[in-house]
Amino acid sequence: MTRSFRIAPSLLSADFARLGDEVHAVIDAGADLVHFDVMDNHYVPNLTVGPLVCEAIRPHASVPIDVHLMVQPVDRIVPDFAKAGATYVSFHPEASSHVDRTIALIRDHGMRPGLVLNPATPTGWLDWTVDKLDLVLLMSVNPGFGGQAFIPGSIDKVRRVRDLLAAAGSDAPIEIDGGIDLNTAADVVAAGASILVAGNAIFGTVDPEAATRALRTAALRSTSPA
Ligand code: DX5
Ligand code: ZN
């Protein structure tokens with residue numbers, strides 16, 4: 001069965017002193033989205049970047065910017081990402097006091113809402129939200145840091161969410177984030193993931209362009225007839 005997928009390099013592992021060049025390099029290599037990790041040293045024990053940096057890379061990104069909010073609270077930062085040119089904004093439901101309201105807020109600001117489930121977060125969060133989501137982001141590591149090992153049980157979760165989305169008649173893509181590399185890419189695509197986030201596997205190498213192409217080739221193995 002042929003499955004299509006998109007590659008979303010995570011800037012978390014990029015050289016922050018040359019972010020514009022890093023964005024150009026992976027887009028030249030065929031990246032479909034740019035994944036932008038926002039951490040607040042509160043919801044997760046790490047601190048990264050916010051709307052100002054998103055706005056700064058916007059002119060360099062000819063593909064959609066895929067913002068992953070690891071912040072608590074969520075709502076007050078949402079309008080700033082609309083101004084900064086984000087396309088997708090995904091958030092963790094346990095970080096929001098009113099999940100339905102946050103989804104609507106993202107949509108009302110002209111962006112595409114996604115819900116993020118950590119490795120131990122139940123899929124039940126999708127029960128009353130699935131018809132309002134443009135994306136489901138499954139974490140295959142605990143959020144906060146790049147370069148962590150892929151949690152193998154994530155494959156089953158991708159399958160379960162794939163079935164849940166199909167049963168609900170949703171065509172929202174499943175994005176997977178954490179430990180995606182040449183070894184894990186094909187398996188997650190085969191299970192039903194269609195957006196692959198990769199930080200260390202791309203920007204942790206000496207040649208991010210070549211690494212982006214290699215990841216696509218590796219993921220394509222799951223779409224070749226056996
Ligand atoms: C982790 C971030 C990821 C991170 C993934 O909390 O959400 O996007 O960059 O990094 P790798 O691909 O190195 O596991
Ligand atoms: Zn992320």
Side-chain angles (χ1 to χ4, degrees), residues 5-12 31-40 42-44 46 48-51 53-54 57-58 61 63-82 84-146 154 157-158 161-162 164-165 170-178 180 188 192-199:
F5 60 87
R6 289 178 271 172
I7 305 274
S10 164
L11 295 179
L12 185 62
D32 302 287
L33 302 163
V34 170
H35 186 79
F36 190 86
D37 289 302
V38 183
M39 303 185 188
D40 66 350
H42 174 69
Y43 175 67
V44 289
N46 199 357
T48 59
V49 288
V53 175
C54 183
I57 64 162
R58 177 70 275 179
V63 299
I65 298 178
D66 168 38
V67 171
H68 175 189
L69 293 181
M70 288 160 274
V71 303
Q72 188 173 27
V74 180
D75 292 7
R76 68 183 181 215
I77 200 84
V78 166
D80 295 340
F81 277 100
T87 298
Y88 289 98
V89 170
S90 300
F91 68 99
H92 291 249
E94 65 277 25
S96 167
S97 302
H98 305 279
V99 171
D100 185 80
R101 177 180 288 155
T102 303
I103 293 170
L105 184 68
I106 294 167
R107 179 87 62 200
D108 288 350
H109 280 80
M111 301 179 290
R112 308 190 68 177
L115 205 62
V116 194
L117 304 182
N118 285 333
T121 305
T123 57
W125 282 105
L126 297 171
D127 284 353
W128 300 99
T129 56
V130 64
D131 56 325
K132 297 165 183 162
L133 296 173
D134 284 350
L135 185 71
V136 176
L137 172 49
L138 296 182
M139 294 305 299
S140 36
V141 298
N142 288 294
F145 302 95
S154 311
K157 198 166 188 183
V158 171
V161 170
R162 174 197 64 194
L164 193 155
L165 291 172
S170 167
D171 58 6
I174 298 174
E175 178 172 30
I176 187 145
D177 185 2
I180 300 301
V188 294
S194 60
I195 302 178
L196 307 185
V197 176

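Sequence positions, counted from 1, serve as the residue numbers for this chain.
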Item to check | Stepwise side chain to side chain contact (heavy atoms under 4.5 Å, CB included) test for His68 and Val38 | outcome: CA-CA 6 Å; His68 175 189; Val38 183; over 6 Å; no
Next on the checklist: Tell me which pairs pass salt bridge (Lys or Arg N to Asp or Glu O under 4.0 Å) where either residue lies in residues 90-99, with sequence neighbours left out.
Outcome noted: none
Item to check | Test side chain to side chain contact (heavy atoms under 4.5 Å, CB included) applied to Val44 - qualifying residues, sequence neighbours left out | outcome: Met39, Asp40, Met70, Pro143
Item to check | Any pair counted as salt bridge (Lys or Arg N to Asp or Glu O under 4.0 Å), so long as it reaches residues 109-120, sequence neighbours left out | outcome: Arg112-Asp134
Checklist entry - Considering residues at least two apart in sequence or located in another chain, which fulfil the ring pair (Phe, Tyr, Trp, His ring centres under 6.0 Å) criterion with Tyr43? => result His92
Next on the checklist: Show me the pairs that pass salt bridge (Lys or Arg N to Asp or Glu O under 4.0 Å) and involve residues 63-79, at least two apart or across chains.
Outcome noted: none
Checklist entry - Which is it for Asp177 and Leu138 under the side chain to side chain contact (heavy atoms under 4.5 Å, CB included) test, yes or no, and what are the steps along the way? => result CA-CA 6 Å; Asp177 185 2; Leu138 296 182; over 6 Å; no
Item to check | Test side chain to side chain contact (heavy atoms under 4.5 Å, CB included) applied to Phe5 and Asp32, step by step | outcome: CA-CA 9 Å; Phe5 60 87; Asp32 302 287; 5.9 Å; no
Checklist entry - What are the two closest heavy atoms between Pro93 and Val99, and how far apart are they? => result O-CG2, 3.5 Å
Next on the checklist: Suppose we screen for salt bridge (Lys or Arg N to Asp or Glu O under 4.0 Å). Which residues come up paired with Asp108, at least two apart in sequence or across chains?
Outcome noted: none
Checklist outcome for this item: Hits for side chain to side chain contact (heavy atoms under 4.5 Å, CB included) against Ser10, two or more places apart or cross-chain, chain-then-number order -> Leu12, His35, Asp37, Val197
Checklist outcome for this item: Taking every heavy atom of Pro173 against every heavy atom of Arg6, the minimum-distance pair comes out as CG-NH2, 3.7 Å
Checklist entry - Applying side-chain hydrogen bond (donor to acceptor under 3.5 Å, both in side chains), which residue pairs with at least one partner in residues 120-129 are found, sequence neighbours left out? => result none
Item to check | From CD1 (Ile103) to NE2 (His98), nearest 0.5 Å | outcome: 13.0 Å
Item to check | Residues forming a side chain to side chain contact (heavy atoms under 4.5 Å, CB included) with Pro64, sequence neighbours excluded | outcome: Leu33, Thr87
Checklist outcome for this item: Nearest heavy-atom contact between Pro113 and Lys132 is CG-O, 3.6 Å
Item to check | Distance (rounded to the nearest 0.5 Å) between Phe91 CZ and Leu137 CG | outcome: 11.5 Å
Checklist entry - Residues two or more places apart in sequence or in another chain: which of them pass side chain to side chain contact (heavy atoms under 4.5 Å, CB included) with Ala84? => result Pro51, Cys54, Glu55
Next on the checklist: If you apply the rule side chain to side chain contact (heavy atoms under 4.5 Å, CB included), what do you find for Leu115 with Leu126, and how did you get there?
Outcome noted: CA-CA 8 Å; Leu115 205 62; Leu126 297 171; 4.1 Å; yes
Next on the checklist: Go through it in stages, so that I can follow the logic: the residues are Ser154 and Ser140, the test is side-chain hydrogen bond (donor to acceptor under 3.5 Å, both in side chains), and I'd like the CA-CA distance, side-chain angles, deciding distance and then a yes or no.
Outcome noted: CA-CA 5 Å; Ser154 311; Ser140 36; 4.7 Å; no
Next on the checklist: Is it the case that atom CG in Asp171 sees more than 12 heavy atoms from other parts of the structure closer than 6.0 Å?
Outcome noted: no
Next on the checklist: Could you tell me if the side chain of Glu175 sits less than 4.5 Å from the side chain of Ser194, heavy atoms only?
Outcome noted: no
Next on the checklist: Using a 6.0 Å cut-off, check whether atom CZ of Arg58 has over 12 heavy atoms from anything other than its own residue.
Outcome noted: yes
Next on the checklist: A side-chain contact here means heavy atoms from C-beta on lying under 4.5 Å apart; do Val34 and Val63 qualify?
Outcome noted: yes
Checklist entry - Heavy atoms, side chains only, cut-off 4.5 Å: are Tyr88 and Ile106 in contact? => result no
Next on the checklist: Measuring from atom CG of Leu11 to atom CD1 of Ile57, what distance do you get when rounded to the nearest 0.5 angstrom?
Outcome noted: 5.0 Å
Item to check | Residue pair Gly50 / Phe81: nearest heavy atoms and the distance that separates them | outcome: C-CZ, 3.8 Å
Next on the checklist: According to side chain to side chain donor-acceptor pair (under 3.5 Å), who are the partners of Asp80, at least two apart in sequence or on a separate chain?
Outcome noted: none
Checklist entry - Measuring from Ile174:CD1 to Leu117:CG, what's the distance to the nearest 0.5 Å? => result 10.0 Å
Checklist outcome for this item: Between Ala172 and Leu165, the two heavy atoms sitting closest are O-CD1, 3.5 Å
Next on the checklist: For Ala95 versus Val71, what's the shortest heavy-atom pair and its separation?
Outcome noted: CB-O, 3.4 Å
